[in-house]
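One structure is given here, and the rest of the page talks about it.
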Amino acid sequence: MPAVRPDASVQIDSLHADLDARLSALREDPTPVDRSRDRVEDALGDGEAHYGINTGFGALAQKRVPEDDLETLQRNLVFSHAVGVGDLVPKALSRLILHLKIHALGLGHSGVSRETFDRLLLFAERDLVPAIPSRGSVGVSGDLAPITLRPKDGLALINGTQQMSGYGAHVLHEAHRLVKIADLLSAMSLEALQGSIKPFDERVHDVRPHPGAQQVAANVRTLLTDSEILESHRNCGKVQDPYCLRCVPQVHGASRDALRHATDMVEREVNSVTDNPLVFEDGDVISAGNFHGQPLALALDYAGVALAELASISERRIYLLLEGHDGLPELLMEDTGLNSGYMMPQYTAAALVSENKSLAHPASVDSIPTSLGQEDHVSMGSVGAVQLLDILENVERVLAIELLTAAQALDYRRPLRPGRGVERAHETVRETIAHREADYLLEDDIDQSLAFVRGEELLGPVADELEPLG
């Protein structure tokens, strides 16, 4: 039996649908779970020491545990590991981690008992989501008080990379939409700032054929189709735009390529068996290192840097929109002095971008030995996972501010119409967020703008015409 069966695959872009289908299939046919459990039962009778099944854990791996104490061993393991601290993981993420744990156990190399596996399925079915501290947590067990943990059960529950995988899968699932939003916002700002479309020429990117840059350039060309604004200044004589406009394909594209790599890594991980020991069809029980999070840790750090850059260049476009560029009013209101205009949202964007500089510091470069030195190199991927979610939320807020300011700036280009993709997005914004010419409480508009960034409505019909992350 292969480590990952083709019918068990979970993909990031269809994450929740794939997991729902997977859990449904496991309810109907848990045969792989039963087969792997049989091999654990066989191992218990062979007289040999098997890590975590009839021995202690970590630095205590050499200590054999009597048969009468094996259930207590598993219960004690779960109790001893319940030392997480900090705010709880958001419920939606905890639910995802639980589903990924069930998926991983269902691959049939963990040896978990049917009773415990069925209880996890019941939790998922009834939406009984475990409360997981966001820091220091080493597993997801839920409320297992009604279950007597049998040999290997506790270890199968707490071992693995589902916390890191869950965070990574969630963030990258959002990133598949967010990269299109970022391209749309850059196109809105480009139109508002009367920037040139020449840097998006297909030939430019054919001679430096990074896939991400080619995708971004194609998306901006699509979004600017039929633009009257572009036609109005095609022969204005301007030589070139600032980098935050001219280099959108290169910057957004590099982030796309990095996020695609991270997606590949996380997809491979969520479809892998990552606990210890592993059981195989020939009866072998092998203690190894599939639980080590290094592959994920590096990928999550890389994804964090890639997302942070989307906010970094977005903030520069926000600044440019406020500067009075190409005839726009300074701070995007006509009567400034009496009014501060959109000065302060740029402060917020700058603060969030600065915070991301700290959050994007790679957690994976650190390692502090644990378990009396038995676990002498650790990935710190769980730290990077929490940082990655914070980065995502900061990026979304910066992009929301760009949306708000770009929409305000586009109003001053009327009656000229922007490209059809930009025009539709601008009309969507104006259905709920008004043009402003006097200072007001910006909070509600920023919240509404954030809802657009986090949803599907802004892209509308043009979404299917844009190049996906892949």
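Side-chain atoms are counted along with the backbone in the values below, which use heavy atoms only and exclude waters and symmetry mates.
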Any chance you could measure Met164, atom CE, to Met380, atom CE, to the nearest 0.5 Å?
11.0 Å
Within the supplied structure, the quantity of interest is the number of heavy atoms (other residues, nucleotides, ligands) at a distance under 6.0 Å from Glu330 CD; does it exceed 12?
no
Evaluate the salt bridge (charged side-chain N to carboxylate O under 4.0 Å, His left out) criterion for residues Arg135 and Asp87: first the C-alpha distance (whole Å), next the side-chain angles of each, then the deciding distance (0.1 Å), finally the verdict.
CA-CA 8 Å; Arg135 287 165 172 80; Asp87 296 336; 5.6 Å; no
Any side-chain heavy-atom pair from Val353 and Val395 closer than 4.5 angstrom?
no
Residue pair Leu77 / Leu155, side-chain heavy-atom distance below 4.5 Å
yes
Of Glu427, Glu423, Glu191, Glu231, which meets salt bridge (charged side-chain N to carboxylate O under 4.0 Å, His left out) against Arg417?
Glu423
Nearest heavy-atom pair of Ala169 and Leu96: which atoms, and what distance?
CB-CD2, 4.4 Å
Within this structure, what is the NE2-CG distance for the pair His99 and Leu26, rounded to the nearest 0.5 Å?
11.5 Å
Taking the six-membered ring for Trp, are His377 and His292 ring centroids under 6.0 Å apart?
yes
Under 3.5 Å side-chain donor-acceptor pair for Ser255 and Glu309
no
Establish, yes or no, whether a centroid distance under 6.0 Å links the rings of Tyr319 and His325.
no
Donor-acceptor pair between Glu174 and His176 side chains, under 3.5 angstrom
no
Please tell me whether Thr428 and Glu457 have a donor and an acceptor in their side chains that are separated by less than 3.5 angstrom.
no
When you check the side-chain N and O atoms of Glu269 and Thr161, is any donor under 3.5 Å from an acceptor?
yes
Taking all non-hydrogen atoms of both residues, which atom of Val129 and which atom of Arg95 are closest, and how far apart?
CG1-N, 3.5 Å
Between Gly212 and Asp257, what is the shortest heavy-atom contact and its length?
N-OD1, 2.9 Å
Salt-bridge contact Arg221-Asp201 (side-chain N to carboxylate O under 4.0 Å):
no
Charged N to carboxylate O below 4.0 Å: is that the case for Asp411 and Arg430?
yes
Near His435 NE2, under 6.0 Å, is it more than 12 heavy atoms from other residues, nucleotides or ligands?
yes
Going by distance alone, is a donor N or O of one side chain under 3.5 Å from an acceptor N or O of the other, for His252 and Asn219?
no
May I ask you to say whether Arg256 pairs ionically with Asp183, meaning some side-chain N is under 4.0 Å from a carboxylate O?
yes
Which heavy-atom pair separates Ser80 from Val83 by the least distance, and what is that distance?
O-CG1, 3.6 Å
Does any donor atom in the side chain of Ser196 or Asp241 lie under 3.5 Å from an acceptor atom in the other side chain?
no
Go through the side-chain N and O atoms of Asn159 and Asn276 and say whether any donor and acceptor fall under 3.5 Å apart.
no
Can you check side chain to side chain contact (heavy atoms under 4.5 Å, CB included) on Leu338 and Asp439, steps first, answer last?
CA-CA 9 Å; Leu338 175 63; Asp439 285 347; over 6 Å; no
Approximate separation, where rounding is to 0.5 Å, of Ile391 CD1 and Leu310 CG
11.0 Å
Contact summary for Leu184 and Ala425, nearest pair of heavy atoms:
CD2-CB, 3.8 Å
Donor on one side chain, acceptor on other, His173 and Asp13, under 3.5 Å
no
Side-chain contact test, heavy atoms from C-beta onward, threshold under 4.5 Å: evaluate it for Met265 versus Arg260 and give yes or no.
no
I need the Thr405 OG1 to Tyr342 OH distance, nearest 0.5 Å.
8.5 Å
Is there side-chain contact between Val33 and Leu105, with at least one heavy-atom pair below 4.5 Å?
no
Using a 6.0 Å distance limit plus a 45 degree cone around the ring axis, check whether Arg246 lies over the aromatic ring of Tyr243.
no
Ser314 versus Glu402, side-chain donor and acceptor atoms under 3.5 Å:
yes
Met188 to Val422 - nearest heavy-atom pair and separation:
CG-CG1, 3.8 Å
Spacing of Asn394 atom CG and Leu389 atom CG [to the nearest 0.5 Å]
10.0 Å
Once you round to the nearest 0.5 Å, how far does CZ of Arg317 lie from CG of Leu320?
10.0 Å
Side-chain heavy-atom pair Asp20, Leu23 within 4.5 angstrom cut-off:
no
